[in-house]
Structure formats: C-alpha cells, structure tokens
Amino acid sequence: MKVLLQRVSRAEVRVDGAIVGSIAKGLVVFLGVEAKDDIEDAAWNAAKTAELRIFPDAEGRMNLSVEEVEGSVLVVSQFTLASSTRRGRRPSFESAAAPEKAQDLYFRFVDALRDRGCHVATGTFRAMMAVELVNDGPVTILLDPRETTHR
C-alpha cells in the first residue's frame with residue numbers, strides 16, 4: 001500500500017466540477033492499493049496516518065498528530081501510486097490491486113480512520129478527480145510500508 005500524506009491548510013476534491021469532499025486544516029492522503037495488500041495493511045496505515053506527528057507544537061516542532069490538532073483527513077484513491085517506472089518510458093501498473101480489492105481496502109482504510117474519531121472526507125473511487133490543496137510547510141511524507149514476515 002502506497003500512502004502519500006500532505007499536511008494542508010485546506011483541500012477539496014471535485015468530480016465533474018462538483019465538490020465531493022473538502023477539509024480545512026489536516027491531511028490529504030493519496031492512497032494506492034497494491035495487489036499484495038491486505039486488511040492488516042489498511043489498518044496499520046490508517047493508524048500510522050492518524051498518529052504520525054507532523055503538525056507543529058507551540059515551539060514550532062513537528063510533534064503533534066492530526067488527531068491531536070483535531071484536523072481532518074481527505075482520502076483520495078490514487079492507483080497511479082502503485083506504478084513502476086523501472087523499465088521503458090511508460091509506467092507499468094502491474095502491481096496495482098484489481099479495482100474490487102482496491103475499493104474494499106480503500107474503504108477499510110477510511111473506516112479505520114473514522115473509527116478513531118477522525119473527521120474524514122473522500123474523493124470518489126474510480127472517478128476522474130480534480131484535487132486542489134494548499135500544502136502547509138510544505139510537508140509531504142511517503143509512509144514506509146509495514147514490515148511483515150509473509151512478504
């Protein structure tokens with residue numbers, strides 16, 4: 001699972017010109033689900049997203065999580081994160097999960113954040129979306145994958 005976080009002061013996502021999700025201060029999460037991912041990956045990455053200390057404290061140090069600052073999370077499905085550019089000039093999407101599996105794990109990720117009490121907005125799965133955001137910092141973090149013994 002590829003999880004790209006951006007700390008934002010605001011963000012919105014549109015489908016066919018209509019806003020389908022928007023947040024004020026918080027995180028935009030671009031989520032790419034890979035074929036090898038499972039339910040544990042969704043839960044682990046949601047917890048890591050909610051707990052990662054990338055918001056400034058009173059001294060300006062990145063020491064607070066999105067939960068602690070009572071920020072929101074906008075989750076946008078982005079299968080292109082599962083691309084490989086190792087060969088040729090066209091990205092390969094062989095490692096991307098099939099749409100049904102990706103959608104299931106996408107919503108499990110969203111639900112895991114909501115279960116923690118996070119305010120979550122979303123894009124529309126498999127839709128062409130226009131994402132507008134104001135990156136705060138800028139802070140952009142690619143989460144490291146969880147370590148497992150079965151991979």
Side-chain angles (χ1 to χ4, degrees), residues 1-15 20-56 62-88 90-133 135-151:
M1 189 168 278
K2 301 281 181 79
V3 184
L4 182 72
L5 308 176
Q6 292 194 324
R7 188 178 79 190
V8 299
S9 56
R10 67 172 179 80
E12 66 183 32
V13 61
R14 295 174 183 263
V15 174
V20 297
S22 66
I23 63 169
K25 179 171 92 174
L27 295 173
V28 171
V29 177
F30 293 104
L31 183 69
V33 180
E34 297 177 293
K36 67 182 182 347
D37 295 333
D38 57 28
I39 294 168
E40 287 85 21
D41 291 306
W44 187 90
N45 280 294
K48 190 72 159 177
T49 297
E51 296 170 2
L52 196 64
R53 299 180 336 181
I54 59 174
F55 288 86
M62 287 198 290
N63 206 24
L64 300 173
S65 70
V66 70
E67 290 177 319
E68 292 169 314
V69 299
E70 298 180 355
S72 298
V73 183
L74 174 61
V75 183
V76 177
S77 63
Q78 179 132 20
F79 87 98
T80 58
L81 285 173
S83 68
S84 172
T85 58
R86 292 185 197 277
R87 294 185 300 165
R90 184 186 323 244
S92 167
F93 301 102
E94 291 176 2
S95 67
E100 298 76 23
K101 178 179 181 176
Q103 185 171 12
D104 177 58
L105 293 178
Y106 169 82
F107 283 114
R108 287 178 184 270
F109 178 90
V110 168
D111 289 342
L113 286 171
R114 287 183 174 144
D115 289 347
R116 296 179 68 96
C118 293
H119 173 264
V120 181
T122 64
T124 302
F125 192 84
R126 293 189 80 182
M128 183 63 87
M129 294 176 274
V131 181
E132 182 179 320
L133 59 88
N135 192 319
D136 179 34
V139 174
T140 301
I141 308 251
L142 180 60
L143 292 187
D144 292 323
R146 75 182 177 103
E147 294 184 24
T148 62
T149 56
H150 70 279
R151 291 192 182 169

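None of these values were measured; they are calculated from a predicted model.
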Within residues 63-88 or reaching into it, pairs that qualify as salt bridge (charged side-chain N to carboxylate O under 4.0 Å, His left out) - sequence neighbours excluded |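 As it turns out, the salt bridge (charged side-chain N to carboxylate O under 4.0 Å, His left out) pairs with a partner in residues 63-88, which skip direct neighbours, are Glu67-Arg116.
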
If you measure from CG on Leu52 to CG on Leu64, what distance do you get to the nearest 0.5 Å?
->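 Between Leu52 CG and Leu64 CG, I get 11.5 Å after rounding to 0.5 Å.
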
Take atom CZ of Arg126 as the centre, draw a 6.0 Å sphere, and report whether it contains more than 12 heavy atoms from other residues, nucleotides or ligands.
->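 12 or below, so no.
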
More than 12 heavy atoms of other residues, nucleotides or ligands under 6.0 Å from NZ of Lys101: is that the case?
->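 Count over threshold, so yes.
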
Does any N or O in the side chain of Arg14 come within less than 3.5 Å of the main-chain N or O of Ala130, such that one atom is a donor and the other an acceptor?
->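 The answer is no, because no donor-acceptor pair under 3.5 Å joins these two groups.
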
Considering all heavy atoms of both residues, which atom of [X] and which atom of [Y] are nearest to each other, and what is their separation?
| X | Y | value |
| --- | --- | --- |
| Tyr106 | Gly123 | OH-N, 3.7 Å |
| Asp37 | Met1 | OD1-N, 2.6 Å |
| Ala121 | Gly21 | CB-CA, 4.2 Å |
| Ser95 | Ala82 | OG-O, 2.7 Å |
| Gly32 | Leu81 | N-CD1, 3.9 Å |
| Leu27 | Ile23 | O-CD1, 3.4 Å |

Residue pair Glu12, Arg10: steps toward the salt bridge (Lys or Arg N to Asp or Glu O under 4.0 Å) verdict = CA-CA 7 Å; Glu12 66 183 32; Arg10 67 172 179 80; 5.3 Å; no

Could you list the residues that satisfy side chain to side chain contact (heavy atoms under 4.5 Å, CB included) with Ala46, not counting sequence neighbours?
->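 Only Phe109, Ala112, Leu113 meet the side chain to side chain contact (heavy atoms under 4.5 Å, CB included) criterion with Ala46.
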
[X]: which residues meet the side chain to side chain donor-acceptor pair (under 3.5 Å) condition with it, sequence neighbours left out?
| X | value |
| --- | --- |
| Thr122 | none |
| Asp104 | Arg108 |
| Gln103 | none |
| Asp115 | none |

Side chains of [X] and [Y]: closer than 4.5 Å at any heavy-atom pair?
| X | Y | answer |
| --- | --- | --- |
| Ser83 | Lys2 | no |
| Asp136 | Val8 | no |
| Leu105 | Ile39 | yes |

Could you walk me through whether Val29 and Leu5 pass the side chain to side chain contact (heavy atoms under 4.5 Å, CB included) test, one step at a time?
-> CA-CA 5 Å; Val29 177; Leu5 308 176; 3.5 Å; yes

So among Val73, Leu74, Asn135, which one has a side-chain contact (heavy atoms from CB on, under 4.5 Å) with Val28?
->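 The residue from Val73, Leu74, Asn135 that satisfies side-chain contact (heavy atoms from CB on, under 4.5 Å) with Val28 turns out to be Leu74.
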
List the steps and the verdict of side chain to side chain contact (heavy atoms under 4.5 Å, CB included) for Phe79 and Val33.
-> CA-CA 6 Å; Phe79 87 98; Val33 180; over 6 Å; no

Worked check of side chain to side chain contact (heavy atoms under 4.5 Å, CB included) between Val75 and Phe125 = CA-CA 10 Å; Val75 183; Phe125 192 84; over 6 Å; no

Could you walk me through whether Val139 and Met62 pass the side chain to side chain contact (heavy atoms under 4.5 Å, CB included) check?
-> CA-CA 10 Å; Val139 174; Met62 287 198 290; 4.2 Å; yes

